[in-house]
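Encoded as structure tokens, the structure appears first; notes follow it.
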2 protein chains.
Amino acid sequence: MPPAPPLRTQSIPLRRRFTPDAGTDLQRCLLCETREKSVCNGIGDTELAILSQASKRLTLPPGTTMIEEGTPAVAFFNVTAGTVKLFKSLPDGRRQITGFADVGHFLGLTNAGTYSFGAETVNTVQVCRFLRPQLEKLLTDYPLFERRLLAEVTDELAEAQEQMLLLGRKTARERVASFLFSRMLPPATPSQPDAEGCLVSLPMTRVDIADYLGLTIETVSRTISALRREKTITGTDNHGIRVLSVNRLQEIASGQDSR
Amino acid sequence: MPPAPPLRTQSIPLRRRFTPDAGTDLQRCLLCETREKSVCNGIGDTELAILSQASKRLTLPPGTTMIEEGTPAVAFFNVTAGTVKLFKSLPDGRRQITGFADVGHFLGLTNAGTYSFGAETVNTVQVCRFLRPQLEKLLTDYPLFERRLLAEVTDELAEAQEQMLLLGRKTARERVASFLFSRMLPPATPSQPDAEGCLVSLPMTRVDIADYLGLTIETVSRTISALRREKTITGTDNHGIRVLSVNRLQEIASGQDSR
DNA sequence: CGGGCTCTTGAGAAAGTTCAATGAACGTGG
DNA sequence: CCACGTTCATTGAACTTTCTCAAGAGCCCG
């Protein structure tokens, strides 16, 4: 654990402007493909126009700061494309990524008046933004929406607990294996088991992975190399890794590992 | 990080029987002093009889297993006295305590059919137990109750993120300082600043503290000794520590520390 | 084709763990 | 009431994992 500041974990101070998409399209939510994966599913088909009006769709380039730690909590977001990283920082620059919000996930919920965490896009991201009063109105007017949000937060909490187990008690090897395992994509062809191994979605950099796993980039890199050497995974492309032995990876991830 | 199982972190297999208190007392919730601190505050004064009927108050001795990881999620608890530890374990016995539920906190919420974590009483604990169907009915019938629960889970998530920062990026010294700081009690006499230092509530053992901070008991012990040596804290009693310099402790906790 | 990035790899250093021994507190039973 | 066994906490010394520092390779983009 570094008492000194590893400056490389700092996020780029550069803050690009949000790029608002076509405003409040009444058809947007009706046609939205990620609706069923998200909290929006709590709103009935007939009332989707209201949902469309309550939110605004934005497209954000990679590296955009969506939320700055400590600023007033004015908005709530629902991710419809891309990946967002959530993190907390120490005054000296040390950073912990607390999660990656992929398609269907929300971010920005808080009770305090200010955000207790930061958020930045990993790649090009599309979100629906709800301003706070609009979100509150939806919660009050649509019990199913609120119920669905409660369920999402509960899931999020369970994931956070799993990550605490990883950060507090797993070895570097187990952490990396857990990470790769959790980001494995379902096989493209459901019937065919794995012709050439399951793909892993890794849009983020090594720095982000390290900050998520509580390790340094060097340790992450070494560990991935080791897994590659022993043929548990393949792929020389940094953002495209294939799992050759899913079982083996899961064994390592859960700590039932020899070496 | 231990690849081998430190057996001492195992919780006692002994499971004592729950001790049900006087059943469904209609007056119970009305007279409950911790109501305003908990989700129960979402129920109006006139409907407290319904709340009393929906739950059962239990008194549990120290070391009682309340929830076993992986078992069917049948109940939801609200703590009205004492402290409960929540944890997740690895197959080889390594354990991570994900939080301590003190008075006013709930536990047992989950979307899955089974609990994804375990829970055990630290000291003598009093809880109100809601069976799942009863909880669901309360959520549906009392929007304020649901809203309050959503707020509680959101807070819980924020705490979990703070703990991830601790586990992933803080030094042993910073972890222990953060822990002591977060468990400081408000001064007994609000006017008097700190006659002899702020008290810290530590009902749990060193093993529990270590499993919460992702350290070993030895490191926790050494670190507390060091803080004592440098007069940041006092108290030889293991469960009674006094903070002599709150500012100093907070500085250490947040990483702004020289040594 | 050169300058940035990101990633990889190696060697030494440091923080924290493991192993081991000792001490303090507590409850039990003679 | 004290000896004894247990549990919990402390401290020391050696060891291990991961970090730090450093150098080099691969790649993208202007």
Side-chain angles (χ1 to χ4, degrees), chain A residues 1-12 14 62-63 92-95 122-123 166-176 202-211 213-229 233 235-241 255 257 259, chain B residues 1-12 14 62-63 92-95 122-123 166-176 202-211 213-229 233 235-241 255 257 259:
Chain A
M1 305 302 128
L7 273 180
R8 53 188 169 192
T9 66
Q10 291 281 28
S11 65
I12 335 159
L14 166 100
D92 65 6
R94 279 175 283 171
R95 190 183 64 161
V122 168
N123 42 22
L166 179 148
L167 292 170
R169 290 302 183 210
K170 288 188 181 178
T171 65
R173 183 174 162 77
E174 289 161 356
R175 295 184 199 197
V176 171
L202 293 182
M204 66 293 291
T205 66
R206 290 286 185 276
V207 177
D208 287 341
I209 298 175
D211 281 350
L213 300 178
L215 300 170
T216 58
I217 46 170
E218 292 93 335
T219 300
V220 171
S221 186
R222 274 187 256 271
T223 309
I224 290 181
S225 296
L227 290 172
R228 201 148 31 202
R229 223 174 299 128
I233 61 175
T236 52
D237 177 12
N238 291 327
H239 299 277
I241 279 182
D257 187 40
R259 75 201 74 182
Chain B
M1 305 301 125
L7 274 179
R8 52 191 167 187
T9 68
Q10 291 281 26
S11 66
I12 336 158
L14 166 101
D92 64 7
R94 277 175 284 171
R95 190 182 65 159
V122 168
N123 42 21
L166 179 149
L167 293 170
R169 290 301 182 212
K170 288 188 182 178
T171 64
R173 182 173 162 78
E174 290 161 357
R175 294 185 199 197
V176 171
L202 293 182
M204 66 293 290
T205 65
R206 291 287 184 273
V207 177
D208 287 341
I209 298 175
D211 281 350
L213 300 178
L215 300 169
T216 58
I217 45 170
E218 291 92 336
T219 301
V220 170
S221 188
R222 274 186 255 271
T223 309
I224 290 181
S225 295
L227 290 173
R228 202 151 25 205
R229 223 173 299 129
I233 60 175
T236 53
D237 176 12
N238 292 325
H239 299 278
I241 279 182
D257 187 38
R259 74 203 73 180

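Everything quoted here is computed from the prediction, not taken from an experiment. No hydrogens, no waters, no symmetry mates; every other heavy atom, side chains included, goes into these values. Below, read A as the first sequence line, B as the second, and so on, with proteins coming before strands; counting in each chain starts at 1.
The distance from atom CG of Asp211(B) to atom P of dA9(D) is 12 Å, rounded to the nearest whole Å. Rounding to whole angstrom units, CG of residue Asp208(B) and P of dT7(D) are separated by 15 Å. As a whole-Å value, the separation of Leu202(A) CG from dT6(C) C1' is 14 Å. Separating the CG atom of Leu215(B) from the P atom of dT10(D) is a distance of 14 Å, rounded to the nearest angstrom. Remark: P of dT18(D) and CG of Leu167(A) are 13 Å apart, rounded to the nearest angstrom. Residue His239(B) contributes atom NE2, which lies 15 Å from atom P of dT7(D) at whole-angstrom precision. dT10(D) atom C1' lies 15 Å from atom CG of Leu227(B), rounded to whole Å. Between the CZ atom of Arg206(B) and the P atom of dT11(D) there is a distance of 10 Å, given to the nearest Å.
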**Request:** Would you check, one step at a time, whether the test side chain to side chain contact (heavy atoms under 4.5 Å, CB included) holds for Asp92(B) with Arg169(A)?
**Result:** CA-CA 11 Å; Asp92(B) 64 7; Arg169(A) 290 302 183 210; over 6 Å; no
**Prompt:** Going through the distances and angles, do Val176(B) and Lys170(B) end up as a side chain to side chain contact (heavy atoms under 4.5 Å, CB included)?
**Reply:** CA-CA 10 Å; Val176(B) 171; Lys170(B) 288 188 182 178; over 6 Å; no
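For Glu218(A), whose side chain is taken as the heavy atoms from C-beta onward, the closest listed nucleotide among dT18(C), dG16(C), dC21(D) is dC21(D).
For dT18(D), neither phosphate oxygen OP1 nor OP2 lies less than 4.0 angstrom from any side-chain nitrogen or oxygen of Arg173(A). Within the 4.0 Å cut-off from OP1 or OP2 of dT18(D), not a single side-chain nitrogen or oxygen of Thr216(A) is found. Side-chain nitrogen and oxygen atoms of Arg175(A) include none within less than 4.0 Å of the OP1 or OP2 phosphate oxygen of dT18(D). Taking only side-chain nitrogens and oxygens, Ser225(B) comes nearer than 4.0 Å to OP1 or OP2 of dT11(D). Dashed line: the shortest gap from a side-chain N or O of Thr171(B) to OP1 or OP2 of dA15(C) is not under 4.0 Å.
Listed here is the closest heavy atom pair of Asp257(B) and Arg173(B): OD2-NE, 2.7 Å. The two residues His239(B) and Leu202(B) make their nearest non-hydrogen contact at ND1-O, 2.6 Å.
You'll find the side chain of Asp211(A) stays beyond 4.5 Å of the side chain of Met204(A), heavy atoms only. With contacts defined as side-chain heavy-atom distances shorter than 4.5 Å, the pair Arg222(A)/Leu215(A) does not qualify. Residues Asp208(A) and Arg95(A) meet the side-chain proximity criterion, which asks for heavy atoms closer than 4.5 Å.
Arg228(A) places a side-chain N or O within 3.5 Å of a backbone atom of Gly235(A) that can act as its donor or acceptor partner. In this structure, the side chain of Arg175(B) engages the main chain of Leu167(B) through a donor-acceptor pair within 3.5 Å.
Residue-level contact check: Thr219(B) touches the bases, meaning some heavy atom is under 4.0 Å from a base atom. Across all strands, Ile224(B) comes closer than 4.0 Å to no nucleic acid atom at all (heavy-atom distances). Nucleic acid contact for Ser221(B): base, since at least one base atom lies under 4.0 Å from a heavy atom of the residue.
Residue-to-nucleotide contacts include a donor-acceptor pair under 3.5 Å from the side chain of Arg222(A) to the base of dG10(C).
Overall, the helix from dC1(C)-dG30(D) to dG30(C)-dC1(D) carries an axis bend of 30° between its ends, with five pairs at each end and the value rounded to 10°.
In this view, Arg206(B) and Ile209(B), Ile217(B), Val220(B), Ile224(B), Asn238(B) satisfy the side chain to side chain contact (heavy atoms under 4.5 Å, CB included) rule, not counting sequence neighbours.
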Would you tabulate the pairs of protein nitrogen or oxygen atoms and nucleotide nitrogen or oxygen atoms of nucleotides 23-30 of chain D closer than 3.5 angstrom?
none

